[in-house]
Amino acid sequence: MATVDLTTETFEETVTKDGIVLVDFWAEWCGPCKRFSPIYDASSEVNSEVVHAKVDTEAEQALGAQFGVTAIPTLMAFRDGIMVFQQAGALPAPQLQQVVDAVAGLDMDEVRAKLAEQQA
């Protein structure tokens with residue numbers, strides 16, 4: 001599956017769907033972003049059940065600000081509408097696959113319970 005570009009208008013609709021959504025915050029001028037891009041694109045082919053999305057932080061500055069992105073690339077993972085991972089820096093392919101596997105292996109009932117506990 002190819003990566004999808006997200007905008008302020010499409011972000012929430014995309015990340016709140018059931019399943020796993022990875023979001024790569026990037027910019028055209030960013031060297032590490034350019035090196036990470038082929039790794040991310042390859043992951044979208046291997047993990048076709050996972051939505052691989054990208055946010056251009058130059059074009060969508062409000063989204064970067066909303067999520068406190070201060071360094072790029074920044075990778076976020078959402079599962080069933082809940083952000084479960086956030087990390088700045090380009091990942092090598094094996095580590096990106098570890099993130100996908102870890103997010104897929106989460107017990108979402110436990111995640112929701114912990115989240116409710118934190119908000120109480």
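What you see is a predicted model; the values in this text were computed from it and never measured.
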### Summary
Separation between CD (Q95) and CG (L75), nearest 0.5 Å, reads 11.0 Å
### Message
To the nearest 0.5 Å, what is the distance between CZ on F67 and CD on Q86?
### Response
8.5 Å
## Note on the structure
Heavy atoms of D56 and A27 approach each other most closely as OD1-CA, 4.3 Å
### Query
Any side-chain heavy atom of D80 sitting closer than 4.5 Å to one from K17?
no
### Query
Run the side chain to side chain donor-acceptor pair (under 3.5 Å) check on T8 and E60 step by step: do they pass?
CA-CA 7 Å; T8 304; E60 302 296 335; 2.8 Å; yes
#### Entry: Main-chain N/O of D41 paired to S44 side chain as donor or acceptor, under 3.5 Å
yes
### Task
Please check if the side chain of S37 supplies one atom and the backbone of C33 the other of a donor-acceptor pair under 3.5 Å.
no
### Query
Can you tell if the side chain of V23 reaches within under 4.5 Å of the side chain of V15, non-hydrogen atoms only?
yes
### Message
What I'd like to find out is whether the side chain of Y40 reaches to under 4.5 Å of the side chain of L22, using heavy atoms alone.
### Response
yes
### Criterion side-chain contact (heavy atoms from CB on, under 4.5 Å) on Q87 and M76, from CA distance to verdict
CA-CA 7 Å; Q87 179 177 314; M76 293 182 190; over 6 Å; no
### Task
Run the salt-bridge test on D107 and R112 with the 4.0 Å N-O cut-off and return the result as yes or no.
no
### Message
Quick one, Q97 and V46 - any side-chain contact, counting heavy atoms below 4.5 Å?
### Response
yes
### Query
Just one of L6, V4, D24 clears the side chain to side chain contact (heavy atoms under 4.5 Å, CB included) bar with K54, so which one?
D24
### Query
Do other residues, nucleotides or ligands put more than 12 heavy atoms under 6.0 Å from Q66 CD?
yes
## Note on the structure
I39 meets the side chain to side chain contact (heavy atoms under 4.5 Å, CB included) criterion, sequence neighbours left out, with F36, A93, L96
## Note on the structure
residues 63-120 vs disulfide bond (SG atoms under 2.5 Å apart), sequence neighbours excluded, gives none
### Sub-4.5 Å side-chain heavy-atom contact between I82 and L115
yes
### Summary
For A88 and A71 the tightest heavy-atom approach is CB-CB, 4.0 Å
#### Entry: Any donor-acceptor N/O pair, S48 side chain to E45 backbone, under 3.5 Å
no
### Task
Might you work through the side-chain contact (heavy atoms from CB on, under 4.5 Å) test for W26 and I72, ending with a clear yes or no?
CA-CA 6 Å; W26 69 283; I72 52 174; 5.6 Å; no
### Query
Can you list the steps and then say if R79 with F85 is a side-chain contact (heavy atoms from CB on, under 4.5 Å)?
CA-CA 9 Å; R79 177 144 171 225; F85 177 85; over 6 Å; no
### Task
Hey, can you tell me if F11 and F78 have their rings parallel, tilted or perpendicular (30° and 60° cut-offs)?
perpendicular
### Task
Determine whether V21 and V50 make a side-chain contact, defined as any pair of heavy atoms from C-beta on separated by less than 4.5 Å.
no
